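To start, the structure under review is shown below, and the notes come after it.
Just so it is clear, the structure is predicted and the values come from calculations on it, not from any experiment. No hydrogens, no waters, no symmetry mates; every other heavy atom, side chains included, goes into these values.
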Amino acid sequence: MHGIGDRKALVLDAIRVLSLLLLAAAGHGEVIAPPQGPDPWAEATLYRDEWGVPHVYAETPRALGFAFGWAQAEDHLDDMLMAYRVANGRAAEVLGEGWADSDALSLKMGHSRLAREAFAVIDPFTGDLCTGFSQGVNAWMLQYPALVPDWADGVQPWDVLALWHAFLMSMAPFDLPDGYRRPRASDTGNAWALAPQRTEEGRTILVINPHQYHDGPFRWYEAHLVLGDMDVAGAALMGIPLVIQGHNGFLGWAFTPNDADFADVFEEQFATSEDTGAAADPRNPMAAAAQAAAAFTQEQWLMLKYFAESVPYYVRTPQGMQERRVPAVITARGPLFERGTRRIFSWRIGGYRDFGGLFQLYEMGRARNLPAFQNALLMHQIPCFHVVYADREGNLFYCYNAKAGDRNMPEPALRERLERGADYLDWKRPAPAHVEAMTWANLIPPEMLPHLVNPPSGFIQACGNPPQGATDDPVFAVPDWPAWFTGDYDSYRARRARQLLRAGKRSFRDSHAMLFDVVAPAALEMVPILLRMAELRPDFVQASHPDLVTGLDILKSWNAVADANAVGMTYYHLWWTMLAARSGFIRPRDPQLYT
């Protein structure tokens, strides 16, 4: 008698034997044949430069996707296929228990479910692009079966959309305490632009410096893609068939992570025993049953529905493949999450049902000037990120991009909030479900987002900062925004970037050097504070470990440069790490540090 794991192994062995004829997607129960229709290679050319970067020239979206999918499969097939498994909730089948929670989250979020539904009605460009990309990956797997992992499935067009959805949704704030979620696709990044009058060369300079984790499903991938009037080079994502940030012959743009509040968690309300009226007569079972059924509120029926509607997923264990189930319900507000057996929360995310992001990227990539680029942004299919733009005409543009409800409330609701206290609607915590219809009835229009055009300073940057930190003395086209809208901390990286950018004209070489700046800006502020504390508390220093005096002497002589031989950098890093762990605060300017 074979278990699930044994049956899957037999299926995969059979697939291996037939791999020259077809590729079977064992996990999906689908068969993927070689691509039909015109030969994609008759409509696309792929070559690699001396650094191995793929350059794709194509005549149709399908051919572009095919050649780019082939190139990505050649470079990182295993990692890309695993990224699709993460998005589809199937990673634990291969990687085991450590990815079980991740799979459950993906199924709750409905990345794959929504992607399949969206693909049926997607715009023709995106449909052809994703179809071609999946066919290119599958064709490479057919061509080189010995290089395909045993657990591999074929790629479907909607897998691309599922991964794109998982990427964007990973950036949304999750206000449910202790709720599991994967790390964001990226927490940091650097970007800045200089107008011609601020550069030695007299030309615009744009710096794109995305960051990523060394592992995980979201990794940047350099490429150059040409399709009709789109000729763009830059950073795509592994498993995604377009450049996400880059440049063409006219302009360039960068995305860096922001902390826009473009999502809220709402607690679904349940009736208490007092709400259901008097108890039923125990002598009349039929009447008791009828009264019990009538007593269910809409939310209670939702609770029953929630736990009843579960989907299976599989986890590889030492004992074999284990089937588990997870509730996966998506409501009008968004996906549901439970706490215990009586509390249900919905996650309302701006852009949750949007799948037009790839077409927006296409329009951004083929833009020739600032108005065309701004029109592409107005599609509002990407719900977050700082946007830094520059063009060869010398224009700079910055936008704090977000897709969020305006949180406007009618007067009665505002009075209720005042009566209940300020904590009643803290947008960083779960809010009552009944306010969602008011607070998310209207989205903040994209043209009302904080943005700058050609600031007098001659530079813009987004290295981890709130909108007002994008440049010196910014004058925003939209001067005010609510306090809840932005949660960005003005990081030391951003402050250091502004310091360097405002210090006279900068050359292309200077901008390159800035990316490798070795000054530790936080230490410039924190070390003097630490030394001053030691001066004020000599009794504490004397009573501490004998090495503390030596450590303080090391910091006194350190120049705050983080080079390989800097003992002071090592000592400072250890001190700061221990202090942060003991105090529980996150940032150097946290008031708790000084109390």
Side-chain angles (χ1 to χ4, degrees), residues 168-169 171-177 179 257-270 298-299 302 330-337 344-354 356-357 360 374-375 377-387 398-453 465-470 474-489:
L168 294 178
M169 295 302 101
M171 305 301 294
F174 191 39
D175 301 329
L176 189 59
N258 63 1
D259 286 320
D261 192 7
F262 69 102
D264 283 321
V265 171
F266 293 97
E267 182 168 7
E268 306 297 329
Q269 303 299 308
F270 296 88
Q298 181 180 359
E299 289 80 6
L302 177 60
I330 299 174
T331 68
R333 271 188 279 273
L336 297 184
F337 297 82
I344 293 288
F345 299 85
S346 53
W347 194 9
R348 180 69 158 87
I349 308 172
Y352 177 69
R353 288 178 172 81
D354 291 346
Q360 178 177 325
Q374 290 172 322
N375 284 337
L377 281 184
L378 290 176
M379 296 171 65
H380 217 190
Q381 293 294 298
I382 298 174
C384 53
F385 300 116
H386 298 278
V387 182
Y398 165 83
C399 178
Y400 188 87
N401 187 47
K403 193 164 189 174
D406 60 16
R407 271 74 159 192
N408 286 336
M409 301 176 66
E411 189 64 30
L414 290 175
R415 285 199 301 270
E416 180 184 12
R417 181 179 185 182
L418 291 174
E419 292 170 359
R420 297 196 183 195
D423 290 341
Y424 173 58
L425 285 181
D426 178 353
W427 297 117
K428 303 300 182 185
R429 302 192 308 181
H434 74 272
V435 306
E436 184 268 344
M438 297 178 284
T439 56
W440 280 80
N442 299 299
L443 297 177
I444 299 174
E447 60 271 18
M448 296 301 294
L449 296 171
H451 62 277
L452 297 165
V453 178
N465 49 270
Q468 57 268 32
V475 179
F476 285 94
V478 181
D480 298 310
W481 52 86
W484 55 261
F485 181 60
T486 63
D488 305 77
Y489 164 70

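Side-chain atoms of V387 and H451, non-hydrogen and from C-beta on, never get closer than 4.5 Å to each other. Looking at P467 and Y398, their side chains come closer than 4.5 Å, going by heavy atoms from C-beta outward. Under the 4.5 Å side-chain criterion, counting only non-hydrogen atoms from C-beta, R333 is not in contact with W440. With a 4.5 Å cut-off on side-chain heavy atoms, D259 and P173 do not count as touching.
Ring pair W347/F174 is tilted by interplanar angle, where 30° to 60° counts as tilted.
Scanning all heavy atoms of the two residues, the minimum distance from K403 to F262 falls at O-CB, 3.3 Å. In terms of heavy-atom proximity, S346 sits nearest to T331 at CB-OG1, 4.5 Å. In terms of heavy-atom proximity, A402 sits nearest to H380 at O-NE2, 2.7 Å. When all heavy atoms are compared, the tightest approach of P450 to F485 is CD-CE2, 3.7 Å. Between V265 and D175, the shortest heavy-atom distance links the atoms CG2-N, 3.6 Å. For A332 against R353, the heavy-atom pair with the smallest separation is O-NH1, 3.7 Å.
Of the possible polar contacts, none joining the H386 side chain to the A470 backbone as a donor-acceptor pair under 3.5 Å is found. The main-chain N or O of Q381 is found under 3.5 Å from a side-chain atom of Q360 such that the two form a donor-acceptor pair.
Paired with R407 under the rule side chain to side chain donor-acceptor pair (under 3.5 Å), one option of N442, D264, T439 passes, and it is D264. Between L168 and the options D354, I349, I382, a side chain to side chain contact (heavy atoms under 4.5 Å, CB included) holds for only I382.
Rounded to the nearest 0.5 Å, atoms CZ (F345) and CG (L336) are 11.0 Å apart. From R429, atom CZ reaches atom CD of E267 across 11.5 Å, with rounding to the nearest 0.5 Å.
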Inset, instruction - Show your working on side chain to side chain contact (heavy atoms under 4.5 Å, CB included) between I444 and D406 and close with a plain yes or no. - result: CA-CA 5 Å; I444 299 174; D406 60 16; 4.1 Å; yes
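When ring centroids are compared, W481 and Y400 stay outside the 6.0 Å threshold.
Under the rule for a side-chain hydrogen bond (donor to acceptor under 3.5 Å, both in side chains), N258 has no partner lying at least two apart in sequence or in another chain.
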